[in-house]
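Note that the structure is a prediction, hence the values are computed from the model and not measured. Residue numbering restarts at 1 for every chain, and letters A, B, ... go by the order of the sequence lines.
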Protein chains: 2
Amino acid sequence: MNQAKILQLLVADNLVSDPDSARGRLLREAARLFREKGYERTTVRDLAAAVGIQSGSLFHHFRTKEEILKAVMVETIRLNTAVMRAAIDAADSNREKLRALVSAELESINGQTGEAMAVLVFEWRSLSEVSQVEVLKLRDIYETLWLDVLSALKEEGALLADPFVVRRLLTGALSWTVTWYRPERGGLTQDALTDEVIAMLGLSPS
Amino acid sequence: MNQAKILQLLVADNLVSDPDSARGRLLREAARLFREKGYERTTVRDLAAAVGIQSGSLFHHFRTKEEILKAVMVETIRLNTAVMRAAIDAADSNREKLRALVSAELESINGQTGEAMAVLVFEWRSLSEVSQVEVLKLRDIYETLWLDVLSALKEEGALLADPFVVRRLLTGALSWTVTWYRPERGGLTQDALTDEVIAMLGLSPS
DNA sequence: TTACATACCAAGCGCTTGCTTGGTATTGTC
DNA sequence: GACAATACCAAGCAAGCGCTTGGTATGTAA
């Protein structure tokens, strides 16, 4: 199952906005602007101009500016959780599952949803505390996918370090790629980068 | 040479503000607030209140709010570069130098300068482009220290992966600890965390 | 004592911000 | 074709923002 298909299912269930709808287009532009300039430096007038409407008209789609940020984050997590789950299900061994997770996360950070993922990392504090709690719950589901695989590898004896610590070091390492990894400029392919990451983890030979 | 001694030398050379001076106190409070609420959400009135003066009085010490952010970043980089250099010089082998670097960076991220380091990571885009270039130059000096050690390890055959890629994955992994690592709540000591990081790098046995 | 610099206060200016309001096209439904 | 819901515009409000201004108290040097 590819990402397009998964997206289609989520749109049908109303869990993610149709990218072609007015709301979907706004969220995509919002992710772009939030990433480029940061949430606070992006005005509602910027957002409106990006989709060609007046700033006041935004508030027919969202009650507040923060709601836009939250929607970007929530929908991105939903999509990526589904993609991760599919990646895991398609793999057989735990080692393959781990590689699939690393590869999928790199794709989500550096591919289509990259802007939204960067927003998720860097604009966290711009959410109200109430929203933070809500988004955190969704992230926990996502993190559980990782921890299950890492814990299984630990039990197999393939992973020596603590799964929690490894996941957190990995979160940082992978998120950070958004600041420097530019596959389109040649150099490392995404697959090669995945290899480097897996190599860095130093799994003991099976 | 410990961090206090290094700080003293930098203060004497006017490269870093005396923490006990008005300017130094303001910068420390600024780092705290910028980290806690983000640069944009921190007002000049917040900054002034934190050191007990009127908002307008800030502008006798700094011409603009951005200049405060930049000063926090520049002084933090200067201090940490000096600390890193001392850590390297005190170590004999390249393996020990690497461990010293990891340990020192974890200390700078999670110790006294932690708030300022977090600002350096998360408030980057709030700097004007001109300032970004300026700060980047300082960071390059700092990064060279890392790359020299990693490249030497690569030549020795101890490191198999690309030094540039490893440094960047490490930057992310170590920076990210600021979001989750809480040594004061028990659990992992900073030394143990250093061990996990070194282990994760999977250096081949010498 | 004079002269100047430093560090600060009290007040507020001009601008931008998120958001509201009252109204008008456009679309979908029966 | 009637009618409501939806999507939008034009105008602007109230609040908060970074920063300026004109002035005063304190310290320092000749």
Side-chain angles (χ1 to χ4, degrees), chain A residues 11 14 17-73 119 123-132, chain B residues 11 14 17-73 119 123-132:
Chain A
V11 169
N14 244 332
S17 305
D18 183 348
D20 292 330
S21 70
R23 183 186 157 102
R25 252 178 295 122
L26 173 60
L27 289 181
R28 195 170 58 240
E29 290 300 315
R32 216 199 71 231
L33 286 167
F34 289 162
R35 165 162 183 202
E36 189 182 312
K37 321 184 4 168
Y39 172 77
E40 310 285 350
R41 293 176 100 92
T42 303
T43 68
V44 293
R45 287 164 180 82
D46 292 335
L47 291 169
V51 290
I53 59 175
Q54 292 296 105
S55 68
S57 307
L58 276 185
F59 296 90
H60 282 270
H61 300 281
F62 298 91
R63 266 173 310 174
T64 63
K65 183 188 169 193
E66 197 214 329
E67 202 171 284
I68 300 177
L69 176 63
K70 187 168 144 193
V72 167
M73 292 183 170
V119 169
E123 305 301 333
W124 186 250
R125 274 166 322 173
S126 296
L127 279 184
S128 70
E129 281 191 41
V130 178
S131 299
Q132 282 189 21
Chain B
V11 168
N14 243 333
S17 305
D18 183 348
D20 293 330
S21 69
R23 184 186 157 103
R25 252 179 296 121
L26 173 60
L27 289 181
R28 195 170 57 240
E29 290 299 315
R32 215 199 71 233
L33 286 167
F34 289 163
R35 159 151 190 212
E36 188 182 311
K37 322 187 358 170
Y39 172 76
E40 311 284 351
R41 293 175 100 93
T42 303
T43 68
V44 293
R45 288 164 181 84
D46 292 334
L47 292 169
V51 290
I53 58 174
Q54 291 296 106
S55 67
S57 306
L58 276 185
F59 296 90
H60 283 270
H61 301 282
F62 298 91
R63 265 174 310 174
T64 63
K65 182 187 168 193
E66 197 214 329
E67 202 170 283
I68 300 177
L69 176 62
K70 187 167 143 193
V72 168
M73 292 183 170
V119 170
E123 305 302 331
W124 186 250
R125 274 167 321 173
S126 297
L127 280 183
S128 70
E129 282 192 39
V130 178
S131 298
Q132 282 189 22

#### Entry: Ionic contact status for R125(A) with E40(A), cut-off 4.0 Å
no
### Summary
Nucleotide by nucleotide, nucleotides 15-29 of chain C touches protein heavy atoms under 4.0 Å in the pattern (B base, S sugar-phosphate only, - none) --BBBB---------
Please tabulate, for the side chains in residues 47-63 of chain B, all donor-acceptor contacts under 3.5 angstrom to protein atoms that are two or more places apart in sequence or on a different chain.
{"from": "R63(B)", "atom 1": "NE", "to": "E67(B)", "atom 2": "OE1", "distance (Å)": "3.3"}
{"from": "R63(B)", "atom 1": "NH2", "to": "E67(B)", "atom 2": "OE1", "distance (Å)": "3.3"}

### Task
May I have all residue pairs that pass salt bridge (Lys or Arg N to Asp or Glu O under 4.0 Å) and include part of residues 50-62 of chain A, sequence neighbours excluded?
none
Heavy atoms only: give me the nearest [X]-[Y] pair and the separation to one decimal.
X       : Y      : value
R28(A)  : P19(A) : NH1-O, 3.3 Å
S21(B)  : S17(B) : OG-CB, 4.5 Å
V119(A) : M73(A) : O-CE, 3.5 Å
A71(A)  : L27(A) : CB-CD2, 3.8 Å

Rounded to whole angstrom units, what separation is found between the [atom1] atom of [X] and the [atom2] atom of [N]?
X      : N       : atom1 : atom2 : value
I53(A) : dT6(D)  : CD1   : P     : 17 Å
Q54(B) : dT20(D) : CD    : P     : 17 Å
L58(A) : dT6(D)  : CG    : C1'   : 16 Å

### Message
Short of 4.0 Å, heavy atom to strand atom, which residues of residues 19-34 of chain A count as contacting DNA chain D?
### Response
none
### Task
Ignoring hydrogens and angles, tell me if any N or O in the side chain of K65(A) forms a donor-acceptor pair with the backbone of T42(A) under 3.5 Å.
yes
Please output the side-chain donor-acceptor pairs of residues 32-39 of chain A that fall under 3.5 Å, not counting sequence neighbours, one pair per line with the distance.
{"from": "R32(A)", "atom 1": "NH1", "to": "E29(A)", "atom 2": "OE1", "distance (Å)": "2.2"}
{"from": "K37(A)", "atom 1": "NZ", "to": "D46(A)", "atom 2": "OD2", "distance (Å)": "2.9"}
{"from": "Y39(A)", "atom 1": "OH", "to": "E66(A)", "atom 2": "N", "distance (Å)": "3.1"}

### Query
Do S126(A) and R41(B) have side-chain heavy atoms sitting under 4.5 Å apart?
yes
#### Entry: Five-pair end axes of the helix from dT1(C)-dA30(D) to dC30(C)-dG1(D) and the angle they enclose, rounded to 10°
20°
